[in-house]
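Notes for the one structure printed next.
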Number of protein chains: 2
Amino acid sequence: MPHEPADLDTVLGKAVTILRAFTVDDQVLSLAELVRRTGLPKATVHRVAGDLVTNRLLDRTNLGYRLSGGLFELGMRASVERSLLELAMPFLQDLYERTHETVHLGVREGHDVVYVAKIGGHRQAKSPSRPGGRMPVHCTAIGKVLLAFSDPEVQQEVLSSPLERRTPHTIVAPGLLERQLAAALEHGVAFEREESAAGLQCVAAPVLAEGGDRALAAISITGPVGRFRPEAHVTLVRAAAQGLTSLASRRRSLSS
Amino acid sequence: MPHEPADLDTVLGKAVTILRAFTVDDQVLSLAELVRRTGLPKATVHRVAGDLVTNRLLDRTNLGYRLSGGLFELGMRASVERSLLELAMPFLQDLYERTHETVHLGVREGHDVVYVAKIGGHRQAKSPSRPGGRMPVHCTAIGKVLLAFSDPEVQQEVLSSPLERRTPHTIVAPGLLERQLAAALEHGVAFEREESAAGLQCVAAPVLAEGGDRALAAISITGPVGRFRPEAHVTLVRAAAQGLTSLASRRRSLSS
DNA sequence: ACCCGGCGTCCCGCTGACCGGTACGGTGAT
DNA sequence: ATCACCGTACCGGTCAGCGGGACGCCGGGT
């Protein structure tokens, strides 16, 4: 259940509906555009958006509304991603410094992976991912490894739902995908070869929870097909992920 | 005007009041604790918090409520800090790699600086700053340089308000502070010597807006008193900040 | 055993905050 | 001029939200 449409019969529901109408690419939306996207009556959007502005969740510009800095502050206090980020930064840092390729940290949320951090230099491979952004689990290395180290039920849940094809190389056959998940579970790494975006390859390793069979998060290294061979970095990602795993086990940051 | 108390006579006001009751250190709050902090009636908090949970802005654990991952996603879409972060990462990255000291990116919001990013390694100097966190402008290098490159009115506004003393070295004399701001404006860098936390020093340089007289953000390098000399890194921060300045001028991400 | 303080949950009748159809003024394209 | 589309403002009906209060649960002090 990715998007429960939120309860539109309550102020709060309308408010978050409006907030969620903003995507990563659309930074600023006009009132009319908000009306279009949310399906709410114009007068309502006008009023609620106004309230959101006075409550500092939205900014008003001459071009329209946009998500405010206050919302950024709030989001950065979100406990799980916050502690994760804090613990992980040094490891991600190391990885970047040794490879100079793009490094990701992500968690699973439903059928998607949500990127918590992304580190890249000036010449980084141009990937569609963004911190706070989402990608389908089945077409990314991080997603696969997260799925491999999930409860079998959710794994089945994902595998049995229709798999979106992002590129010609995206794996949509559940059988093949299932075999890759098994391999990922066995070796503690997953790969991706141009399955989410053309010209990109990835390796990913899991950050494990206490028991060692469930993943809290995953780390990946991404590079362009030419210079970058995922196999060459297996030990590196795995080491980083394991380091983070042992560090995380010493902290409380889980729960349902 | 740091904290307009939000309108408590509206659902939305109550909701954000509850959300803002969470601080960086208090990741999970019980119902009772929320009641205490917000001053709202217990029944109200119970209901609104419940609504926030169904709207995926809060998580419910057996220990209490906490800010959810959905809020993190939302916050990462906030336009200004988002584009800033995206553009700045490579520069921050470079700075870290060359110095292996803690690197910050921050913006000003009222009398505080809000940290947008923080990069540090395993052995980083332990500073009180956190991404999404706040510090008073007058006791940090970033804050000073941001203030120096602000409208004179806001500068006066800050200088004429009581300045909190964080450490014995915190500058609370408006006169001295004013002189430092003038120097920062002239040289394009500001310093801090154990003014926000014991044992830490900083250099910061401004990322300038189109006109070149107002700062959008600032970059800083932080290190421990022993091995770290701020003066040694002046050219480095300044170069990074200028690089980012020219990059930012080619993008639309300002406005009031 | 007993009580007591603090917790989370639930109930329920009153009321004013929210709703959204409707109308108005401005602006740019045709 | 005309039109389409925008943002803004009004306003009366009604129902969602309100919060005092009561309840059951737990743990710790006596």
Side-chain angles (χ1 to χ4, degrees), chain A residues 4-23 25-68 71 79 252 254-256, chain B residues 4-23 25-68 71 79 252 254-256:
Chain A
E4 299 203 32
D7 189 0
L8 293 184
D9 288 345
T10 178
V11 214
L12 227 73
K14 295 176 217 273
V16 314
T17 302
I18 291 178
L19 290 179
R20 293 209 219 274
F22 292 84
T23 67
D25 324 283
D26 304 289
Q27 307 224 345
V28 41
L29 298 179
S30 68
L31 176 59
E33 183 60 23
L34 280 174
V35 170
R36 226 167 288 127
R37 298 192 179 201
T38 58
L40 295 170
K42 185 166 46 164
T44 304
V45 174
H46 182 253
R47 183 170 32 83
V48 176
D51 290 352
L52 285 171
V53 169
T54 69
N55 283 109
R56 310 172 140 271
L57 295 186
L58 283 185
D59 278 346
R60 180 93 220 230
T61 74
N62 37 15
L63 301 155
Y65 300 91
R66 66 178 180 199
L67 300 179
S68 85
L71 202 53
S79 61
R252 297 285 150 241
L254 356 147
S255 213
S256 97
Chain B
E4 300 204 32
D7 190 358
L8 293 185
D9 288 346
T10 178
V11 214
L12 225 73
K14 295 178 218 276
V16 315
T17 303
I18 291 178
L19 290 179
R20 293 209 219 275
F22 293 83
T23 67
D25 325 282
D26 304 290
Q27 307 223 345
V28 41
L29 298 179
S30 69
L31 177 59
E33 183 59 23
L34 280 174
V35 170
R36 225 167 288 124
R37 298 193 181 200
T38 59
L40 295 169
K42 184 166 45 164
T44 305
V45 174
H46 182 253
R47 184 169 33 82
V48 177
D51 290 352
L52 284 171
V53 169
T54 68
N55 284 109
R56 312 173 136 268
L57 295 186
L58 283 185
D59 278 346
R60 178 95 220 226
T61 75
N62 37 14
L63 300 155
Y65 301 91
R66 69 178 179 199
L67 300 181
S68 85
L71 202 52
S79 61
R252 295 285 150 241
L254 355 148
S255 214
S256 97

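All values derive from a computational prediction rather than experimental measurement.
For the pair B/T23/B/R37, a side-chain contact is recorded, criterion being any heavy-atom separation below 4.5 Å from C-beta on. The shortest side-chain heavy-atom distance between B/R56 and A/R20 falls under the 4.5 Å cut-off. Contact check for B/L19 versus B/L58: side-chain heavy atoms found under the 4.5 Å cut-off. With a 4.5 Å cut-off on side-chain heavy atoms, B/F22 and B/L67 count as touching. By the 4.5 Å heavy-atom criterion applied to side chains, A/Y65 and A/V28 are not counted as neighbours.
Atom CG of B/L34 sits about 11.0 Å away from atom OG1 of B/T17, to the nearest 0.5 Å. In this structure, B/I18 CD1 and B/L57 CG are separated by 11.0 Å, a value rounded to the nearest 0.5 Å. Taking OG1 from B/T61 and CD from B/Q27, the interatomic distance works out to 11.0 Å, rounded to the nearest 0.5 Å. To the nearest 0.5 Å, atom NZ of residue A/K42 and atom CZ of residue A/R36 are 10.5 Å apart.
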- request: Start with the C-alpha gap between B/D51 and B/T54, add the side-chain angles, then the distance that decides, and say whether side chain to side chain donor-acceptor pair (under 3.5 Å) holds.
  value: CA-CA 5 Å; B/D51 290 352; B/T54 68; 4.9 Å; no
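The CD atom of B/E33 sits 15 Å away from the C1' atom of C/dG8 (whole-angstrom rounding).
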- prompt: How does DNA chain C look in dot-bracket notation if pairs are Watson-Crick or G-U with both distances under 3.5 Å, crossing ones as [ ], other-strand ones as |?
  reply: |.||||||||||||||||||||||.|||||
Can you give me the N/O atom pairs linking the protein to nucleotides 23-30 of chain C at distances under 3.5 Å, or say none if there are none?
none

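Interface limits on DNA chain D: the 5'-most and 3'-most nucleotides within less than 4.0 Å of chain A heavy atoms are D/dC6 to D/dG17.
Not one side-chain nitrogen or oxygen of B/H46 sits closer than 4.0 Å to the OP1 or OP2 atom of C/dG8.
Between B/A21 and B/T38 the shortest heavy-atom distance is CB-CG2, 4.2 Å.
At a non-hydrogen distance threshold of 4.0 Å, nothing from residues 25-32 of chain B comes into contact with DNA chain D.
Between the side chain of A/S30 and the main chain of A/G64, no donor-acceptor pair closer than 3.5 Å is present. For the pair A/T44 (side chain) and A/L40 (backbone), a donor-acceptor distance under 3.5 Å is absent.
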- prompt: For every nucleotide of nucleotides 14-20 of chain C, 5' to 3': is a protein heavy atom under 4.0 Å from its base (B), only from its sugar-phosphate (S), or from neither (-)?
  reply: ---SSBB
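Partners of A/D59 under the salt bridge (charged side-chain N to carboxylate O under 4.0 Å, His left out) rule, at least two apart in sequence or in another chain, are A/R66.
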